[in-house]
Trainee: 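Take this structure first; my questions come after.
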Number of protein chains: 2
Amino acid sequence: MRLTEAVHEHRVLPGMKLSEDEVGDVFGVSRTIVRQALRAMAHEGLVTIERNRGAFVAKPSVKEAREVFEARALLEPQTARAAAERATPEDVQILEAHITEEHRALAEGKAGLALKLSGSFHIEIARIADQRTIEAFIQQLVSRSSLVIALYWQRRNALCESHAHHALLDALRRNDPDAAEDLMKGHLVDLLSQLNLRETQGSVASLREALLG
Amino acid sequence: MRLTEAVHEHRVLPGMKLSEDEVGDVFGVSRTIVRQALRAMAHEGLVTIERNRGAFVAKPSVKEAREVFEARALLEPQTARAAAERATPEDVQILEAHITEEHRALAEGKAGLALKLSGSFHIEIARIADQRTIEAFIQQLVSRSSLVIALYWQRRNALCESHAHHALLDALRRNDPDAAEDLMKGHLVDLLSQLNLRETQGSVASLREALLG
DNA sequence: ATCGCAAAAATCGTATACAATAATTGCCGG
DNA sequence: CCGGCAATTATTGTATACGATTTTTGCGAT
């Protein structure tokens, strides 16, 4: 859904209220549909719903941020290993395209889009590993990581990322499970180390502006 | 929700149709509420929704069954380790109560209830580990495991289970992370080994009967 | 008797209307 | 001038109504 993308691309920020009427107006759909979408997003941890108060973009706590990366540390290295065992040339090609897109987005200054693509790289690896169940979990974790990054990221440059992804791609191309597992583990540690896990409160702008701008 | 419990206790079986009107009648609520619940259950993999056809209790394929246990194998041993590091006497007491209830349910011939309690034992361990994110994943996996068991279980006796849970409880009581991790790993392997992962098609009885009986 | 097609019934998807709850505003008293 | 209470406004929760799609049923032809 487009609202999910807006969250992934940091066009709507944690804490922002997602009024049912307002979202419905923006997308030209009824509240029924909006409610469905919001509840689905709540299930993935992207929004929190407070009874009789409405839906808000989730603001992961520091503890939750750590939990997300701990869960990723349990799931992704092993998944990268399995992916390296199974990766075909077609898979490698798809991942290459992903990285290319990611670079282009960065070059065009679209940091939000680049972040979203960077996340889908991880999801694609789970798909290559042929683990749909784990893939769904990783998708959730990547989504929530995006919120964590919106809240706790220190640097503004995401250059380090692309290097790690390149190295992972190489390991998959060589069908080298050990390398893939280690690289993924290191990559996650790197990501976590670049977070500033202290309390901050993000600013909340206008929803309509963020979606239409 | 009560419908979720009915699935966990094998009172409604995989493949059974969950008509919105019928479920609404049984519980005395509107279709709106039923739809919310069904969509939530679909998100957890308990039911599958086919557009314009309705919701059905999910029938995990053999591949999906394997995936569920592979995911559990990635998450639960580490979680048991963490739980063993943190377990307090109160935690141990809660788990003991769980096992007692489980035994009583078995003694009373309520196999479905015993199965549900056996699942909540695993979830409780994640709670003790203080990992809410992973806890939510394990909850999903336990739910889906219940469906897998309904479809692929061979023996009718679940006695082996209680022994494994006892041993795990001991490891937690002794705050022995290594033992907890190994025991959990072995427990999951045992569970998987008792499944007959060949295609079967379960019989589907009447919904209203199953819920009200 | 069986297959195919058409009409009827049932069921789901979406929109809208009404009720319940929370947030806001304005007023009054201190 | 400030704080608290009441009425108003806004927003969500739930039910219901209508349209779309699918499934079933019944009839007729082969």
Side-chain angles (χ1 to χ4, degrees), chain A residues 1-7 11-60 147 201-212, chain B residues 1-7 11-60 147 201-212:
Chain A
M1 212 244 194
R2 281 175 53 202
L3 184 56
T4 304
E5 286 182 9
V7 175
R11 289 159 57 206
V12 291
L13 296 177
M16 183 178 286
K17 167 147 198 188
L18 300 173
S19 161
E20 297 182 353
D21 282 333
E22 198 168 4
V23 175
D25 283 351
V26 170
F27 291 116
V29 294
S30 163
R31 273 183 56 212
T32 307
I33 310 296
V34 175
R35 283 179 71 80
Q36 279 182 20
L38 289 177
R39 291 189 87 88
M41 291 170 79
H43 252 284
E44 297 202 351
L46 249 69
V47 309
T48 59
I49 292 179
E50 300 176 33
R51 177 168 178 110
N52 281 321
R53 286 196 20 101
F56 304 82
V57 180
K59 282 175 71 167
L147 294 178
Q201 53 277 4
S203 60
V204 174
S206 153
L207 166 65
R208 182 175 254 107
E209 208 171 326
L211 289 177
L212 295 179
Chain B
M1 212 246 198
R2 278 176 54 201
L3 184 56
T4 304
E5 287 182 7
V7 175
R11 288 160 57 207
V12 293
L13 296 177
M16 185 179 283
K17 169 149 196 185
L18 300 173
S19 161
E20 296 181 354
D21 282 333
E22 198 168 5
V23 176
D25 283 352
V26 169
F27 291 116
V29 295
S30 163
R31 273 184 57 215
T32 308
I33 309 296
V34 175
R35 283 180 69 80
Q36 280 183 19
L38 288 177
R39 290 188 88 89
M41 291 171 78
H43 211 86
E44 296 201 351
L46 249 67
V47 309
T48 60
I49 292 179
E50 301 177 31
R51 176 166 179 115
N52 281 320
R53 286 195 21 103
F56 305 81
V57 179
K59 281 176 71 167
L147 294 178
Q201 53 276 5
S203 59
V204 175
S206 153
L207 165 66
R208 182 175 254 108
E209 209 172 325
L211 289 178
L212 295 179

Trainee: Check whether any side-chain heavy atom of A/Lys59 lies under 4.5 Å from a side-chain heavy atom of A/Leu147, and answer yes or no.
Mentor: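 In short, these two side chains do not touch, never coming nearer than 4.5 Å.
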
Trainee: Taking side chain as C-beta onward, heavy atoms only, is B/Leu3 less than 4.5 Å from B/Val34?
Mentor: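 Result no, sub-4.5 Å side-chain heavy-atom pair not found.
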
Trainee: Closest approach to the side chain of B/Ser19, judged atom by atom: which nucleotide of D/dG13, C/dA22, C/dC12 is it?
Mentor: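 Closest of the options to the side chain of B/Ser19: C/dC12.
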
Trainee: Rounded to whole Å, how long is the line connecting atom NZ of A/Lys17 with atom P of C/dA23?
Mentor: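 Between P of C/dA23 and NZ of A/Lys17: 8 Å.
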
Trainee: Test side-chain contact (heavy atoms from CB on, under 4.5 Å) on A/Glu44 and A/Thr4; report intermediate values, then the result.
Mentor: CA-CA 10 Å; A/Glu44 297 202 351; A/Thr4 304; 5.5 Å; no

Trainee: Can you tell me the distance, in whole Å, between the CG atom of B/Asp21 and the C1' atom of C/dC12?
Mentor: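 It is 9 Å, rounded to the nearest whole Å.
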
Trainee: Please give me the minimum heavy-atom distance between B/Leu38 and B/Ala55, naming the atom from each residue.
Mentor: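 Closest heavy-atom pair between B/Leu38 and B/Ala55: CD1-CB, 3.8 Å.
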
Trainee: In whole angstrom, what separates A/Glu22's CD from D/dT11's P?
Mentor: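 A/Glu22 atom CD is separated from D/dT11 atom P by 8 Å.
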
Trainee: Write down the distance between CG (B/Leu38) and C1' (C/dC12), rounded to a whole number of angstrom.
Mentor: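 Interatomic distance, CG of B/Leu38 to C1' of C/dC12: 11 Å.
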
Trainee: Take atom CZ of A/Arg53 and atom C1' of C/dA22, then tell me their distance rounded to the nearest Å.
Mentor: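 The answer, rounded to whole Å, is 8 Å.
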
Trainee: Quick check: do B/Arg39 and A/Gln36 have side-chain heavy atoms less than 4.5 Å from each other?
Mentor: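 In contact.
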
Trainee: Return the polar atom pairs (N/O with N/O) between nucleotides 14-18 of chain C and the protein under 3.5 Å, or none.
Mentor:
from   : atom 1 : to      : atom 2 : distance (Å)
C/dA15 : OP2    : A/Ser30 : N      : 3.4
C/dA15 : N7     : A/Thr32 : OG1    : 2.8

Trainee: Which residue lies toward the 5' end of DNA chain C, B/Glu50 or A/Asn52, if each is placed at its nearest nucleotide?
Mentor: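 The residue mapped nearer the 5' terminus is B/Glu50.
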
Trainee: How far does CE of B/Met41 sit from OG1 of B/Thr48, to the nearest 0.5 angstrom?
Mentor: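 Between B/Met41 CE and B/Thr48 OG1, I get 11.0 Å after rounding to 0.5 Å.
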
Trainee: Please give, in whole Å, the distance from C/dA22 C1' to A/Phe56 CZ?
Mentor: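 The answer, rounded to whole Å, is 11 Å.
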
